[in-house]
Amino acid sequence: MTTDTYESTAEAHTDDLMAGKRISLSELASELSAIDLRLRQLARAAETPAAPVELEATIDSLRSTAKGVREAGERMQFLARVVDGDVPLAKAFRDTGDPWGVAARDTDRQAYGGPAIIPTQWQLIKLARDAERAAERGVETTTFPDAMQGIGIGWESKAASARRRRERDAAVAVEVLRTQCKTCEAGDGEQCRTKKGWVAEQPHVGRQREAEATVDARLGYLDTNPVAVPDA
């Protein structure tokens, strides 16, 4: 499943959202709560706009979006308690018996995309529910800090990796046109051409490879994978 993205340079300015180098789940919850309220305020204000225009569809959309944001904020608030160790978690997934966190290292989990070394938010919510049932049966539980001890250094999310990949690919597309093609001799700003002189949408492989090597060296990539994670 792909997610549509609308990206701009402004979204990289995130320092005012967090006290440290990385945003905490508690800070996420607080910011989402503020956005929820702001959207509902906009919906209320849009009921009586300065111009005589019926904005019912937009008002409904704003309130619907606010509801989704509010639910996300409540989820982040719960997960903040989870990562702080306030919420007991099952040591393994109840349906499969598979471990997670440190215990999942070097395991061969067949279902759900492999070992849950880095659990998703939905897995943590499920583990919290499973822990309630485990407690009823007298089964030992764990906490997030204990189960994840030593994991997290140098890690980045799938969303961050995908974004950095898009940034890399965009940089390569620019670099290709700056690179002299040794096959068709296309110069700066020129697209590659076939032997008969037709403009080609795709560059020759050698030119593409050279541009990728230049960009990867500049960004710190190795075989299309990040060598280092900033601030990790």
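Starting from 1, each residue takes its place in the sequence as its number. All figures in this text were calculated on a predicted structure; none of them were measured in a lab.
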J.: Tell me if a side-chain donor or acceptor on R207 pairs with a main-chain N or O of V176 at a distance below 3.5 Å.
T.: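 Yes, R207 side chain to V176 backbone: donor-acceptor pair under 3.5 Å.
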J.: Kindly determine whether I23 and T14 satisfy side-chain contact (heavy atoms from CB on, under 4.5 Å), including the steps that lead there.
T.: CA-CA 9 Å; I23 193 166; T14 61; over 6 Å; no
J.: Quick one, D130 with R133, criterion salt bridge (charged side-chain N to carboxylate O under 4.0 Å, His left out). Give me CA distance, side-chain angles, the key distance, then yes/no.
T.: CA-CA 5 Å; D130 289 350; R133 299 187 181 95; 3.3 Å; yes
J.: Can you give me the closest heavy-atom contact between C192 and C184, atom names plus distance?
T.: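 Distance-wise, the nearest heavy atoms are CA-SG, 3.6 Å.
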J.: Would you please test I151 and R105 for side-chain contact (heavy atoms from CB on, under 4.5 Å) and show each step?
T.: CA-CA 10 Å; I151 293 180; R105 281 177 169 165; 3.4 Å; yes
J.: Heavy atoms, side chains only, cut-off 4.5 Å: are L25 and R81 in contact?
T.: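 The answer is no; the side chains never approach within 4.5 Å.
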J.: Would you compute the distance between atom CD of E47 and atom CD of E54 and round it to the nearest 0.5 angstrom?
T.: 9.5 Å
J.: When hydrophobic residues are tied together by side-chain contacts of less than 4.5 Å, even through go-betweens, does V215 share a cluster with V174?
T.: no
J.: For A29 and G73, which heavy atoms make the closest approach, and how far apart are they?
T.: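 Shortest heavy-atom contact: CB-O, 3.6 Å.
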J.: For the atom pair CZ (R209) and OG1 (T179), what is the distance rounded to the nearest 0.5 Å?
T.: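 Answer rounded to 0.5 Å: 13.0 Å.
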J.: Strictly distance-based, threshold 3.5 Å: is any side-chain N or O of T214 a donor or acceptor partner for the main-chain N or O of E210?
T.: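 Judged by distance alone, yes, a pair lies under 3.5 Å.
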J.: For F78 and V87, what are the C-alpha separation, side-chain angles and deciding distance, and is it a side-chain contact (heavy atoms from CB on, under 4.5 Å)?
T.: CA-CA 9 Å; F78 175 74; V87 179; 4.1 Å; yes
J.: Specify the closest pair of heavy atoms between P49 and A46, including all atoms of both residues, with the distance to one decimal.
T.: CD-O, 3.2 Å
J.: Do L55 and L62 land in one hydrophobic cluster if side-chain heavy atoms of ILVMFWY residues count as linked below 4.5 Å?
T.: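 Hydrophobic grouping puts L55 apart from L62.
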J.: Just checking Q149: does its CD atom have more than 12 heavy atoms from other residues, nucleotides or ligands closer to it than 6.0 angstrom?
T.: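 Not buried by this count: 12 neighbours or fewer within 6.0 Å.
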J.: One thing to verify: whether R63 and D60 come together as a salt bridge, which I'm taking to mean a side-chain N less than 4.0 angstrom from a carboxylate O.
T.: no
J.: For the CZ atom of R75 and the CD atom of Q121, what is their distance to the nearest 0.5 Å?
T.: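 Taking CZ in R75 and CD in Q121, the distance rounds to 5.0 Å.
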J.: Before accepting this row, confirm whether a basic side-chain N of the pair R129/E132 lies closer than 4.0 Å to the acidic partner's carboxylate O.
T.: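 Salt bridge absent between R129 and E132.
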J.: Is I59 reachable from L42 through a run of I, L, V, M, F, W or Y residues, each pair having side-chain heavy atoms under 4.5 Å apart?
T.: no
J.: If we check salt bridge (charged side-chain N to carboxylate O under 4.0 Å, His left out) with E167, which of these qualifies: R165, R163, R164?
T.: R163
J.: Answer yes or no: does atom CD of E31 have more than 12 heavy-atom neighbours from other residues, nucleotides or ligands under 6.0 Å?
T.: yes
J.: Going from OG on S33 to CG on L28, what distance comes out if it is rounded to the nearest 0.5 angstrom?
T.: 12.5 Å
J.: Looking at every non-hydrogen atom in both residues, tell me the closest pair between T142 and A147 and how far apart they are.
T.: OG1-N, 4.0 Å
J.: According to a 4.5 Å side-chain heavy-atom criterion applied to Ile, Leu, Val, Met, Phe, Trp and Tyr, with indirect links allowed, do L17 and L32 form part of one hydrophobic cluster?
T.: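 Yes, L17 connects to L32 through the hydrophobic network.
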J.: Please assess E212 against R168 for the test side-chain contact (heavy atoms from CB on, under 4.5 Å), listing each intermediate value before the final yes or no.
T.: CA-CA 9 Å; E212 289 175 351; R168 182 257 189 189; 3.8 Å; yes
J.: Roughly how far, to the nearest 0.5 Å, is the CG atom of L177 from the CD atom of E175?
T.: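 Answer rounded to 0.5 Å: 9.5 Å.
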J.: Looking at every non-hydrogen atom in both residues, tell me the closest pair between G85 and P145 and how far apart they are.
T.: CA-CD, 3.6 Å
J.: Should F144 and W122 be counted in the same cluster of Ile, Leu, Val, Met, Phe, Trp and Tyr side chains packed under 4.5 Å apart?
T.: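 As far as the 4.5 Å side-chain criterion goes, W122 and F144 are connected within one cluster.
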J.: Ignoring hydrogens, what is the shortest heavy-atom contact between A92 and G97? Give both atom names and the distance.
T.: CB-O, 3.6 Å
J.: Between L124 and W100, is any pair of side-chain heavy atoms under 4.5 Å apart?
T.: yes
J.: So L89 and V82, do their side chains get closer than 4.5 Å, heavy atoms only?
T.: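 They are in contact (side-chain heavy atoms under 4.5 Å apart), so the answer is yes.
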J.: Measuring from K67:NZ to D36:CG, what's the distance to the nearest 0.5 Å?
T.: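 Answer for the NZ-CG pair, K67 versus D36, is 11.0 Å.
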J.: So do the side chains of L37 and R70 get within less than 4.5 Å of each other, counting heavy atoms only?
T.: no
J.: Is Q180 reaching over with its side chain to a backbone N or O of D188, donor-acceptor style, under 3.5 angstrom?
T.: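 Side chain of Q180 to backbone of D188, a donor-acceptor pair under 3.5 Å: no, none is there.
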